[in-house]
Amino acid sequence: MIYLDHHASTPLAPEVIAVMGKAMQELFGNPGSVHAPGRAARAAVDQARRRVAALINSREREIVFTSGGTEASNLALRGAWRARRAGRNRIITSSVEHPAVLSACHALEADGAELVLVPVLPGGELDQNAFSDALDETVAVVSIMHANNETGVIFPVEELAKQARRCGAWMHVDAVQTGGRLPLDVNRLGVDLLSLSSHKIRGPKGAGALFVSREIDLQPITFGGKQEAGLRAGTENTLSIVGFGRAAELAREGLSSEPQRLAALRDGFEAQLLESLAGLRVHGALQERLPSVTNLGFDGIEGEAALLMLDMAGVCASSGSACASGSLEPSHVLLAMGYSAEQAHGSIRFSFGHGTRAEQLERVVELLIEKVPQLRALMLTI
Amino acid sequence: MLYLDHAATTPIDPEIRLGMMQRFESDFANPSSKHALGRKARQALESARARIAAVIGAQAAQILFTGGGTEALGMAVLGSAGDQAARIAISAVEHSAVSEAAYWLRERLGWQVDVLPVDEQGRVKLPELIAAVNAQTRIVAVMLVNNEVGSINDIAAIAGVLRRKCPRAKFVVDAVQAFAKMPVDVDALGADMVAFTSHKIHGPKGIGGLWVKRPTTLRPVFLGGGQEAGLRGGTQSVPLAWAFAEAAERQQNTDKTQPGHAERLFSLIQELVPEVQLVGCPFGSQRAPHILSLHLPGLPSGTLLNALDQAGVCCSAGSACTRSAKQNFSKVLSAMGRRPEEGAFLRFSMGRTTTDLEIEIAAQRFAQCVADLNEVF
């Protein structure tokens, strides 16, 4: 099995499984209980909080644990909407955000928000003129992803945050794909809210975090106990949080070498394919990209057919976001970049991670060189 | 250490722990991915859903996985509230997950919250319920088993009242403390939504569920990639879902015929400390067998709790979810007419692994702590 779908989810690090195994035996208390097992669980959650804070250079108290990236982004947007000041009814986001952000924004639109979707240019970069034009004193919150989950194109969130804050708007960044994959410093980025996920960085599912700057007064969207500084009710998922903390620590240690290693693998993969296959596009190729992903467009093939072929050969990849992959809709990201539905349907995302090796990619290159012409011939006969 | 706080949370069953360890390694894929590993994860997720549905006599499509009981209850209450402000009726002893959501509806959306009084045993009083609800009532929430005192409400009778008085109201039942511990049949309950969680039955934290009679009528709280019938976005965890299903079946298959440990602990304590009183319903069909709530006149709860903690006995003075408000007296006990000046109120709650020996030692240590403190006080 060659797993090249690390943007959908990642295998857990053995170190993470080890701390979780230990936690399952030793840390069963409810972190809200005052007795010894409760206090031990509380201490473990707080240690994980320090580790996640260290990953993005925030203060410990600015980390709110959630059930994952989706919940973190929902809390950021809906919580910011509930906390908005009078006269601020506009929300700005991009047309290529993850469904977690886009659908939360559309729900707020139904609640009366004026939603502005900033387009991207054909290369995948954000249309910065449109962004600046949409910004004014009526904006409550701006939500722009750090890097796109499908193409890896990195947005200049530091610059965008400056502009947003100049207008008095809050800046949210969906960093689910970049947190732990690129060095991140919330102070340098100058953002108010930032979403992170555990299972994209070799941690378990069931944990994520929202960085909430201490400068802002976010409103909760879930109610009950006063866990997570009153911003997220419910007994803490100690086990997944402890795993997330260890994964964050490992990711931080890997930041000095892993991005370069993956970039070299990815660039080699793209170069070999471009050399051998005609009718191939690398989406977002001219932009600065997250090293863990390549999004390839093959002329004249059906991406789903190619994925099936890869699947049968033991290669796991995807045609876009896993969250939307139940549907046969073409990728909204590629459509936003100006590609046709047909081109979008002919696209495959390969995403790389800790276990990815050059030999695996060579094998996939061979497979594609052999099979893509066959798939094209097949398409012509239909 | 004697852990008698299973209503707060439970240790994970060792066999489930091992199964989870394996699945952390093997079932990491995103259940929404279409490749072989994704399909395997999806299959495992749906199998867990079907097993959980079977425990409460439901259909798999009616079960939504959530991040826990609080989220399930919040989803049920807030997801049932339409745009028009109306009335919500909640019992006076609901978990904060329900009451805080109701108060949010009042403060932010102008809803009227009708608090249903309970009797001195903590059960909703039917005549007061009948008087409190009417055609404007859109949501009613009454818990099956109270988390602090273990009293069981007659949910079917309440559902009968609601069908006559406010047929349009959605009836939300918090079954967190009852799920798999006593027979729960969603059709027999007559509810519209039933919430439950994994970590009270020796499963992991971080996963719970909501049974929804007609999922299409609910509005989502977290949006995202369309998971859980579009009602709860976020990548699902196969190891957590599997563990939850496994825990539910194991809990359900536990022999329930043996006399409850709570009753035994109470009688042992009473022999040693005769002034101790039972709080809530007498042991029997109106009381969950795993929760012992007791009252000891003359000593403050905090002092006794601390002494027991020092003596290696873990119990609690109320819900762990109200920790930050621990200076406040339990609202459950207040609603039952009790006052903090009366003395200590403690909750001991038993789990599947609690042994007779633990019960005996706990009773002895309790008596010892009381004796030691009585010298001081």
Answer with side chain, backbone, both or neither: which region of [X] has an atom nearer than 4.5 Å to a non-hydrogen atom of chain B?
X	result
T222(A)	side chain
Q219(A)	side chain
L239(A)	side chain
R78(A)	side chain
N237(A)	both
S73(A)	neither

Please name the pair of heavy atoms, one in T70(A) and one in G224(B), separated by the smallest distance, quoted to 0.1 Å.
CG2-CA, 4.1 Å
Does anything in residues 20-28 of chain B reach chain A? List residues with heavy atoms under 4.5 Å apart, or say none.
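Listed by number: M20(B), M21(B), F24(B), E25(B), F28(B).
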Specify which of A36(B), G67(B), G68(B) makes the most heavy-atom pairs with chain A at under 4.5 Å.
A36(B)
Report yes if some heavy atom in the side chain of [X] is under 4.5 Å from a heavy atom in the side chain of [Y]; otherwise report no.
X	Y	result
F223(A)	V77(B)	no
N30(A)	H199(B)	yes
F28(A)	R17(B)	no
S318(A)	N30(B)	no

For [X], is it the side chain, the backbone, both or neither that has a heavy atom under 4.5 Å from a heavy atom of chain A?
X	value
Y103(B)	neither
R108(B)	side chain
M1(B)	side chain
Q310(B)	neither

Short side-chain to backbone donor-acceptor contact, D309(B) and H35(A), under 3.5 Å:
no
Applying ring-ring contact (aromatic ring centres under 6.0 Å, His included), can you list everything that pairs with H199(A), at least two apart in sequence or on another chain?
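Partners of H199(A) under the ring-ring contact (aromatic ring centres under 6.0 Å, His included) test: none.
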